[in-house]
Amino acid sequence: MSDHDSQPPDPKLPEEPSDRGSATSSVHAGELRQQEANAITTPIYQTSTFWFRNSKEVTDYQEGKSDREEYGRYGNPTWRAVERKLSALEGGEESILFASGMCAATTTFMALLPEGSHLIVTSDCYRRTRQFIEQYLSRMGVETTVIEPSNLEAFKAAIRPNTELFFTESPTNPYLRVIDVPAFAEVTRAADVKMIIDSTFATPVNHRALDDGADLVLHSATKYLGGHNDLLAGTLTGPRKLVEPVRKALGVLGGIMDSHAAWLLLRGIKTLDIRMERHNANGLALARYLEAHPKVSKVFYPGLPSHPDFEVTQRIMSGAGGVVTFEIDTDLEGAMRFIDSTTIPYQAPSLGGVESLVELPVTMSFWDKPKQERLALGITDSLVRYACGIENADDIIADIEQALAKV
Ligand SMILES: *Cc1c(COP(=O)(O)O)cnc(C)c1O
């Protein structure tokens, strides 16, 4: 120790009352109070491996007598802080970080779906997740049934003796369907099916899926959790007995998050609650404005009474988020003219960052889909997805107004 009187890190976590609000947990949960050199922030542990001072330390570690890291693919203290923060926010026992949201989904499926098992998913689902299910899981002898989001009767009918998992986003992309998680949980519990919610569009600020009966909650932390359009990451949270097999699979499959990206995520989450407040307010203001606009034929936003899941949203969520999907009364050229005339959002895939982003699903994620299939999914030429950032709502709306005037 040097002559300045800094205290060494205290590996004990401060007691955190579990009834703390999400703003307090975003800032404080999971982080050691006492860091090296009296720093406030958790350091980036930029190391690939961790050394043992003698063989006794190795054997103690192997016998589970010491709580420490061994090799970078299995753990890193920077990740641990993020994992604990997420667990506190979601109200779950354990969390894991992954290199991306896709990696969280694929690793979880590989770990929890034995050969010959059955999976149920919803139709309005992230395209790459669907692709993994169709092209890879099928090769491992896993069968899948696709149901309409929110169709509880179809869900009951799809359950088989070998059904292992039910996987759905909530809200879904791009139509923002909200799953009645408590109602589905009654059915999954009775049938011994595990329910995984991809809560990327909700975040634990808007919906705590585990409290409502989900077994696991997954995120593309690339979106709201990171929040700054500057990193890719995935997360999974739930009870230890379900999370541990996935952590073991991650150690084998290797899609781990880099410690620098983990540190950026930790920093991003500190402002999650306050950012979500603005994303929710902007989303609602934009949706209301669009619904009243004569050139807009349809608005999909679960915070509007016109949305099919408005009632569920009011009951289980505390905000409807920043993404608004809408259809302009025009053709592809008109829709392109609209997008090209906006000056605040960037035209880009993704959502959940401080910068607003806008896209035409037809030219972005559905570009290579045959037209008939795309239209069957409701992806028309003039469907727009606007992901509100945290700018001023008045500016976002004024910009949309002048862009719609050019359609
Ligand atoms: C972006 C996204 C994913 C994929 O996450 P990546 O971090 O891009 O790999 C999965 N699910 C949803 C709902 C998403 O929006």
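Counting starts at 1 for both ligands and their atoms, in listed order.
Each side chain to side chain donor-acceptor pair (under 3.5 Å) pair with one or both residues in residues 203-219, not counting sequence neighbours, appears once here: Glu90-His219, Asn206-Asn280, His207-Asp212, Arg208-Asp211. Residue pairs that meet the side chain to side chain donor-acceptor pair (under 3.5 Å) test with at least one member in residues 397-407, sequence neighbours left out, are Thr343-Asp399, Asp399-Gln402, Gln402-Lys406.
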Give every pair made of an N or O atom of ligand 1 and a protein N or O atom lying under 3.5 Å apart, one pair per line with both atom names and the distance to 0.1 Å, or write 'none'.
{"residue": "ligand 1", "atom": "5 (O)", "partner": "Ser220", "partner atom": "OG", "Å": "3.0"}
{"residue": "ligand 1", "atom": "7 (O)", "partner": "Gly101", "partner atom": "N", "Å": "2.8"}
{"residue": "ligand 1", "atom": "7 (O)", "partner": "Ser220", "partner atom": "OG", "Å": "2.8"}
{"residue": "ligand 1", "atom": "7 (O)", "partner": "Thr222", "partner atom": "OG1", "Å": "2.6"}
{"residue": "ligand 1", "atom": "9 (O)", "partner": "Gly101", "partner atom": "N", "Å": "3.1"}
{"residue": "ligand 1", "atom": "9 (O)", "partner": "Met102", "partner atom": "N", "Å": "2.9"}
{"residue": "ligand 1", "atom": "11 (N)", "partner": "Asp198", "partner atom": "OD2", "Å": "2.8"}
{"residue": "ligand 1", "atom": "15 (O)", "partner": "Lys223", "partner atom": "NZ", "Å": "2.7"}

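The residues Arg177 and Glu148 are annotated as not salt-bridged, no charged nitrogen and carboxylate oxygen being separated by less than 4.0 angstrom. Note on Asp368 versus Arg127: salt bridge recorded, some NZ/NE/NH1/NH2 to OD/OE distance being below 4.0 Å.
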What pairs of donor and acceptor atoms, side-chain ones from residues 256-268 against any protein atom, are under 3.5 angstrom apart with sequence neighbours left out?
{"residue": "Asp258", "atom": "OD2", "partner": "His260", "partner atom": "N", "Å": "3.0"}
{"residue": "Asp258", "atom": "OD2", "partner": "Ala261", "partner atom": "N", "Å": "3.2"}
{"residue": "Ser259", "atom": "OG", "partner": "Tyr45", "partner atom": "O", "Å": "3.1"}
{"residue": "Trp263", "atom": "NE1", "partner": "Thr42", "partner atom": "O", "Å": "2.9"}

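In this structure a side-chain-to-backbone donor-acceptor pair under 3.5 Å is missing from Thr107 to Ala104.
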